[in-house]
Structure formats: C-alpha cells, structure tokens
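Beneath this line is the structure, given in structure tokens, with notes to follow.
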Amino acid sequence: SADEPPQIPDAPANPVAKELTLGANEPGKAPDYWIYAEFSNQTAAVTRLQLNRYENEDRSGPLILLQEDIASAHSYVLPMEQYPELDDATWDVVASSPGEVIFRTQVRDGGLQIEKRFRLDKHSPLIQLDVAFRNLGPDPLTAISYMLNGGDGLPIENADSTAYGRKAVIATSGNDEEASLTTLGPFAIAQGNASEIRGVPILFWGTACQFFASVVINVPDVDSANQI
C-alpha cells in the first residue's frame with residue numbers, strides 16, 4: 001500500500017571488487033614489473049594478463065597473454081565438484097597490492113576456508129599461486145578435491161598461416177626422473193582422444209601457442225604435516 005516503505009534489496013555480502021591488479025601497467029623495454037594482471041573476486045580469477053616487455057603482433061601495444069576470450073571465461077578458476085556454489089562465488093579480498101592479491105571464501109557451512117594467493121616480484125616472469133585449505137571445524141574433513149583450470153584467451157600469432165594454433169601441454173616426470181612432454185590439439189580433445197594422466201608427478205601443465213605459453217609449474221608442498 002501507499003503507507004508501506006519501499007522494499008530495498010539486501011546488499012551482497014561480498015560486492016564485486018574493481019581495480020584488482022598485480023604488477024603495474026607500464027609496458028616498455030625495462031619495466032619494474034614484467035607482468036601486469038587484472039583479477040575479479042567473482043571466482044577469484046585472472047581476467048587479463050599482460051606481458052609488459054613484449055609487443056602484440058601488429059606492434060600497437062603490449063602483448064595480452066590472457067583475456068576473457070570465450071564466453072567471458074576466466075583464467076585459473078578453482079572449481080570443486082562437492083561445492084558447485086564456487087562456480088560463481090564472490091570471494092573476500094584479503095589483500096591487494098602491486099605485489100600480492102589474496103582472496104578468501106568459505107564453504108561447507110563455514111567449516112572449510114579456502115584462500116588463493118597470487119604474488120609477483122619485480123623483474124620476474126612468474127606469478128606465484130598458493131592455494132590453502134583450512135579446517136575451521138572440530139572434526140577432520142575428508143574427500144576434499146579441487147580442480148584448477150588454465151589460462152584463457154592465449155593469442156594465436158600469425159593466425160592465417162600458423163599450423164600450431166593452441167595446444168595443451170603437460171610435462172611429467174617418470175620413475176627415471178626424465179621429463180616427458182605430452183601435447184594435445186583442440187581436435188584431439190574435442191574428439192575425446194585425451195587420456196587422463198595418473199600416478200606420475202606433473203612438472204607443469206597449461207596452454208601453448210607458437211611463441212608463448214601460459215603454464216602452471218607444480219611446486220610440491222614439502223610440509224606434509226599440514227593436513228586439513
């Protein structure tokens with residue numbers, strides 16, 4: 001009725017944050033930060049990654065290595081089959097600076113806390129990504145598993161004539177500690193010809209094009225006592 005006050009919708013607990021960046025947008029031959037990355041706290045993901053020391057193919061600006069290329073897909077999203085709400089969750093922003101961006105969220109009714117920490121040093125071509133799980137409840141947590149998707153929107157150089165395109169690359173270490181590299185093109189993946197890799201240490205995985213790649217280098221956790 002006319003006497004009733006207007007209904008005001010509840011504000012979201014964690015609003016979508018803007019201007020979350022790592023490094024500096026300073027393309028050139030000698031930048032302090034070799035990488036400039038943009039993030040969204042919706043899914044705690046990379047939305048854009050720029051290489052400051054390289055130009056794009058037509059020399060009109062810096063090389064954009066990752067971007068929202070297909071259906072606004074983000075890079076390095078962390079989905080968990082047990083918790084589908086993570087697929088579009090808005091995470092808390094714990095820290096944001098040129099050298100560090102930290103996201104945090106909770107699932108399982110607050111019993112499991114998840115952090116994603118992105119760190120970048122000056123004059124470094126690597127972003128360090130740590131994923132931390134904390135049990136906030138009194139009982140042990142079991143059956144916790146997660147996935148980490150790769151980089152999206154890797155550019156295809158010389159698209160009209162290249163035969164390489166984009167490929168998935170996976171490097172593993174066998175019993176003899178020799179590295180083995182597996183490459184898969186999009187057609188093989190679409191046809192279901194990609195088999196799972198199990199039981200061997202993964203050295204790195206990601207996506208490669210003719211001259212550049214975006215890969216995750218696996219650093220084993222030496223603290224085996226740190227259990228959830």
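Numbers here simply count residues along the sequence, with the first being 1. Values below: all heavy atoms of this structure, side chains included; hydrogens, waters and symmetry mates excluded. Note that this is a predicted model, so its numbers are computed, not measured.
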Would you indicate whether the side-chain heavy atoms of Arg53 and Pro31 approach each other to under 4.5 Å?
yes

Indicate yes or no: at least one non-hydrogen side-chain atom of Leu20 is less than 4.5 angstrom from one of Phe103.
yes

The reported gap from CD in Gln42 to CG in Asp87 (rounded to nearest 0.5 angstrom) is 11.0 Å

Do Leu129 and Met147 share a hydrophobic cluster (ILVMFWY, side-chain heavy atoms under 4.5 Å, transitive)?
no

Return the minimal non-hydrogen interatomic distance between Leu154 and Ala208, and the atom names on each side.
CD2-C, 3.7 Å

Derivation of the salt bridge (charged side-chain N to carboxylate O under 4.0 Å, His left out) call for Asp130 and Lys116
CA-CA 6 Å; Asp130 296 318; Lys116 291 176 70 178; over 6 Å; no

Worked verdict on Gln82 versus Ser145 for side-chain contact (heavy atoms from CB on, under 4.5 Å):
CA-CA 8 Å; Gln82 307 99 313; Ser145 62; 3.6 Å; yes

To check you understand the geometry: which heavy-atom pair defines the closest contact between Leu22 and Ser97, and what is its length?
CD1-O, 3.8 Å

Measuring from atom CD1 of Ile156 to atom CD of Glu57, what distance do you get when rounded to the nearest 0.5 angstrom?
10.5 Å

ring-ring contact (aromatic ring centres under 6.0 Å, His included) partner of Tyr54, chosen from Phe211, Phe212, Tyr36, Trp34
Phe212

Could you check whether atom CD of Glu178 has more than 12 heavy atoms from other residues, nucleotides or ligands sitting under 6.0 Å from it?
no

Start with the C-alpha gap between Thr182 and Thr172, add the side-chain angles, then the distance that decides, and say whether side-chain contact (heavy atoms from CB on, under 4.5 Å) holds.
CA-CA 8 Å; Thr182 301; Thr172 58; 5.6 Å; no

Please examine the side chains of Phe39 and Leu49, heavy atoms only from C-beta on, and report whether any two atoms are closer than 4.5 Å.
no

Shortest non-hydrogen contact from Gly151 toward Thr207
O-OG1, 4.0 Å

Is the closest side-chain heavy-atom distance between Leu66 and Arg48 below 4.5 Å?
no

Is any side-chain heavy atom of Gln113 closer than 4.5 Å to one of Arg104?
yes

Any link between Ile127 and Leu63 through a network of hydrophobic side chains (Ile, Leu, Val, Met, Phe, Trp, Tyr) touching at under 4.5 Å?
yes

For Ser173 against Val200, the heavy-atom pair lying closest together:
O-CB, 3.9 Å

Student check: side-chain heavy atoms of Leu112 and Leu141 closer than 4.5 Å
yes

Nearest heavy-atom approach of Leu86 to Leu78 is CD1-O, 4.0 Å

Would you compute the distance between atom CG of Asn41 and atom CH2 of Trp91 and round it to the nearest 0.5 angstrom?
10.5 Å

Leu148-Leu120 co-clustered via ILVMFWY side chain contacts under 4.5 Å:
yes

One pair to check against side-chain contact (heavy atoms from CB on, under 4.5 Å): Leu126 and Ile217. What are the steps and the verdict?
CA-CA 9 Å; Leu126 303 175; Ile217 301 172; 4.2 Å; yes

Judged by atom type as modelled, is there a donor-acceptor pair below 3.5 Å linking the side chain of Asn149 to the main-chain atoms of Ser75?
no

Taking every heavy atom of Glu26 against every heavy atom of Tyr33, the minimum-distance pair comes out as OE2-N, 3.1 Å

Could you grab the distance from atom OG of Ser180 to atom CD1 of Ile170, nearest 0.5 Å is fine?
10.0 Å

Answer with yes or no whether the hydrophobic clustering places Val77 together with Val216; edges join I, L, V, M, F, W, Y residues whose side-chain heavy atoms lie under 4.5 Å apart.
no

Cluster link Val131 to Val107, ILVMFWY, side chain under 4.5 Å:
yes

For Phe118 and Tyr76, what are the C-alpha separation, side-chain angles and deciding distance, and is it a ring-ring contact (aromatic ring centres under 6.0 Å, His included)?
CA-CA 11 Å; Phe118 296 87; Tyr76 303 111; 7.7 Å; no

Testing Thr21, Asn25, Asn56 for side-chain hydrogen bond (donor to acceptor under 3.5 Å, both in side chains) with Gln50, which one passes?
Asn25

With heavy-atom distances below 4.5 Å as the criterion, would you say the side chains of Asp32 and His123 are in contact?
yes

Distance (rounded to the nearest 0.5 Å) between Arg117 CZ and Ile102 CD1:
6.5 Å

Without swapping roles, check the side chain of Asn218 against the backbone of Ile202 for a donor-acceptor pair under 3.5 Å.
yes

Is a side-chain N or O of Asp92 found less than 3.5 angstrom from the main chain of Val94, in a donor-acceptor match?
no

